[in-house]
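Have a look at the structure below, then the notes.
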Protein chains: 4
Amino acid sequence: MNSKSPKRSNKAQQIAQAALTEFTLNGFSLTSLEKIASSAGIGKSTIYEYYENKEELFIAAVRQACEQWFNQIKQICDQTIDPIERLEVIAEQFIDCDDFPAGTTQRFFFEVLMQTIKEGGAFYNRRHEIQHIHQKFIRTLSDILLAGVSKGQLNPKIARDADKIAITFLAFMDGMVLQSLVESNYIDVKAQIAFFIEHLAPILLKQETQITYGSEHNCNLNN
Amino acid sequence: MNSKSPKRSNKAQQIAQAALTEFTLNGFSLTSLEKIASSAGIGKSTIYEYYENKEELFIAAVRQACEQWFNQIKQICDQTIDPIERLEVIAEQFIDCDDFPAGTTQRFFFEVLMQTIKEGGAFYNRRHEIQHIHQKFIRTLSDILLAGVSKGQLNPKIARDADKIAITFLAFMDGMVLQSLVESNYIDVKAQIAFFIEHLAPILLKQETQITYGSEHNCNLNN
Amino acid sequence: MNSKSPKRSNKAQQIAQAALTEFTLNGFSLTSLEKIASSAGIGKSTIYEYYENKEELFIAAVRQACEQWFNQIKQICDQTIDPIERLEVIAEQFIDCDDFPAGTTQRFFFEVLMQTIKEGGAFYNRRHEIQHIHQKFIRTLSDILLAGVSKGQLNPKIARDADKIAITFLAFMDGMVLQSLVESNYIDVKAQIAFFIEHLAPILLKQETQITYGSEHNCNLNN
Amino acid sequence: MNSKSPKRSNKAQQIAQAALTEFTLNGFSLTSLEKIASSAGIGKSTIYEYYENKEELFIAAVRQACEQWFNQIKQICDQTIDPIERLEVIAEQFIDCDDFPAGTTQRFFFEVLMQTIKEGGAFYNRRHEIQHIHQKFIRTLSDILLAGVSKGQLNPKIARDADKIAITFLAFMDGMVLQSLVESNYIDVKAQIAFFIEHLAPILLKQETQITYGSEHNCNLNN
DNA sequence: GATGAATGAGCCTTCATTCAT
DNA sequence: CATGAATGAAGGCTCATTCAT
């Protein structure tokens, strides 16, 4: 059984998953490898059979989380061709995307960002990896918009601003999730997202097709 | 000179300021009290004369930062009575608010949020304090909008959505800053903010001044 | 094929040889079994099929090195019957005895001595083995001298001091090698050895061939 | 009390002394800081108040041992002006130089050499320090010889070989001590040293003054 | 009030050794 | 036989916190 045997790779994933859970709960610094090991049901030193050190394990967890995340995005894009709907479902996924206690994946991604932006963070010297993921996500959103344009679903005039819109969308979602994590009760996140998309949609939609594609969105506000 | 003498309180602030600087650079876990002490030019154990423990010091630093933050907001509101302009300047402050290396204050606030949302975080059991600050900020933004309405500067119909708009604004700004911290070069934050406000303004303003891609969606608000 | 089959013994030797190489480079403590295993091209746990534990493997490596060492001595003694020449060649072998980077074997022997003389050393409780080897070597040198005497090549009066001379010779060589390992560039070991033997020779040889600084001290031995 | 206060420096020495003792017993790798701490009667982490890490502590112990060593040499040189006697006493010091269990200092110095000559040793990347000490010692011995020459006590012809003789002397002593550490019972070190010096003395002594200064040495052999 | 000094608890990491296959 | 996999024990090091001066 070589080093890439499915059995071995499977265990590595198990560990990364446990790490993901624990890093999410307490962040990078406050999570001990001992905790991760016991959470994975293995001995502490076994981790080192699969990962060089704590940072590598963290990065593995990041990769795993990203993979899962992008897989879900892809599924969403396969389910509908309506760009507005796609954004809606992606937004939904931001706030409700996993089996664990609410906000697990989100907290984890914020932890990753923190480890990226602070000196001495686990990712500070590998920020390009996170940047790469970020760009990939922006491109994904942008492509949804451009596909909408090329199919005549969206206003052609937004094409030149596709990236800006994507970044705005992501910014809003990130900030929204952050607020919801802090104020889990006070804020009605779904309503907020609906509110945001209700105002975003008309900007995206074509004038002449508005009645067909966009009427339902507009109605929301007017009813 | 009692325990709340100005001299004492002054030194406490000095320490909190040094703590603020250090926590900002490396976050809560990675910042040692020794570093803070040397940065403040005092002995390590002197900190304990003023603060119970590391967490209390962190919270003091947060309070100090918030105070400074709200003072700046207040100044902005004193400089202009135009609500859009107010938002613009507040947005500017988000991305360019201090003397330190770029992004210092922002990183700090994200660190605070992380300490609030993760178990075992310094703020996890005191999240109400952060929630209180958050609500205060939302109210501040909301009040700007409502003041604009009551002065006839903004569309009266947005009054009922003032909170939602404030939350959206904050969400966008938070997310935007986060992205800019990760991608300091790739993203043109100012352009993004301008783009956001450019589309936000017509929604807030009265009918006749609205200019967007498609005129159709303005109707939604006005109907 | 029983447990002492040649095949088995052969593999054991392979492992011991790899161990020898690795122990030489980094010493006993700093050499991991993993390193030895990979150097031997086998799995880590295979070592335990051939050796009880790390100490036994070390001892095996020592035995192997000694065997090689004494074989070389024997060859030298077969090449010449002149005792001075024999000493010269043995001295040469001390400083230039292997294929590895310079000083490999020597470092190893010092490592063995260290493991012998420090509490908790791998050989501390088996020092008799090292003592045995030491005595064997002293006897070998002594025998060279005594053979020289009985063949009339050396001054008969040194016979009673043969052991002392042997010990002195070994002491000088050990110390010399040690210094050369520390100061590989600064010291001209070969010149030093030549210098030593130049002064040792007249003491061993008969009166008429002696040439030194002052002829006077030669008389001491001859009187 | 600043960082160079006598109290602080005193404690640092205490720790270094304890370290010296423990490193001597078990070598660098096998000696834990915990052991050193308990030997010094302090907590484990207190060591780090005085030394950066294990290596620095080791080096401090080396410096301390060297200082003590050279002080003793200096005292010896003050007690007699006879160069042969000086060498004799220095030789004596090699084998009997401290209060601890026999061979403590010697074992320690060999440990130092091992840490110098093996890759990954604590001194491997600072070998120049050890080389410096070595050279200093060689020079000390050499100076004794040259002083003897200039005072007319020794044969002027040895002047050009003073370094070679010093190196030879040190080599013999090192090797001798090493053998004695391995074979504490079997070898009569004092007799060996006497034997060595008895043959070294006539080489060093002047021809014409031999009767005056050197007769006693020569007599040893002849009687 | 201020601080140098001390430390225990805890963490990351290594490694000799065991065991099931 | 051979070995991949697993792990407990131990070590170096950090750091928040306490205490005596």
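Throughout, protein chains are lettered first and strands after them, A, B, ... in sequence-line order, and every chain is numbered starting at 1.
Between the C1' atom of E:dG4 and the CD1 atom of D:I42 lies a distance of 15 Å, rounded to the nearest Å. Taking atom CG on C:L57 and atom P on E:dC15, their separation rounds to 15 Å, with Å as the unit. The OH-P distance, from D:Y51 to F:dG12, rounds to 16 Å in whole Å. Atom CD in A:Q14 sits roughly 13 Å away from atom C1' in F:dA6 (whole-Å rounding). Straight-line distance from the NZ atom of A:K35 to the P atom of E:dC12: 13 Å, rounded to whole Å. Residue C:I47 contributes atom CD1, which lies 13 Å from atom P of E:dC15 at whole-angstrom precision. Atom pair B:I15:CD1 and E:dA2:C1' shows a separation of 10 Å (rounding to whole Å applied). Between the CD atom of C:E22 and the P atom of E:dC15 there is a distance of 13 Å, given to the nearest Å.
For D:Q68, the side-chain hydrogen bond (donor to acceptor under 3.5 Å, both in side chains) partners are D:Q17, not counting sequence neighbours. Residues satisfying the side-chain hydrogen bond (donor to acceptor under 3.5 Å, both in side chains) test with C:R63, not counting sequence neighbours, are C:E129.
Taking the side chain as every heavy atom from C-beta outward, A:I59 and A:F123 approach each other to under 4.5 Å.
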Base-pairing string, 5' to 3', of DNA chain F - Watson-Crick or wobble, under 3.5 Å, | interstrand:
.||||||||||||||||||||
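Between A:R8 and F:dG4 there is no side-chain polar atom (N or O) within less than 4.0 angstrom of OP1 or OP2. Residue D:Y50 places at least one side-chain N or O under 4.0 Å from the OP1 or OP2 atom of E:dA6. Taking only side-chain nitrogens and oxygens, A:K11 comes nearer than 4.0 Å to OP1 or OP2 of F:dA6.
A side-chain donor-acceptor contact under 3.5 Å links D:T31 to the backbone of D:E22. In this structure, the side chain of B:Y51 engages the main chain of B:A12 through a donor-acceptor pair within 3.5 Å.
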Please encode protein proximity along nucleotides 14-21 of chain F as a string of B, S and -, counting only heavy-atom distances under 4.0 Å.
BBBBBB--
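For the atom pair CD of B:E111 and CG of B:L20, the computed distance is 11.5 Å after rounding to the nearest 0.5 Å. Rounded to the nearest 0.5 Å, atoms OG1 (A:T104) and CZ (A:F108) are 11.0 Å apart. Considering CD1 of D:I42 and CD1 of D:I36, their distance stands at 9.5 Å, rounded to 0.5 Å.
Within a 6.0 Å radius of CD in C:Q14, more than 12 heavy atoms belonging to other residues, nucleotides or ligands are found.
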Given ring-ring contact (aromatic ring centres under 6.0 Å, His included), test A:F110 with B:F110 step by step and report yes or no.
CA-CA 9 Å; A:F110 286 119; B:F110 286 119; 7.8 Å; no
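Residues from residues 110-127 of chain C that place a heavy atom under 4.0 Å from any atom of DNA chain E: there are none.
Residue pairs meeting the salt bridge (charged side-chain N to carboxylate O under 4.0 Å, His left out) criterion with at least one partner in residues 46-60 of chain B, sequence neighbours excluded, are B:E56-B:R126.
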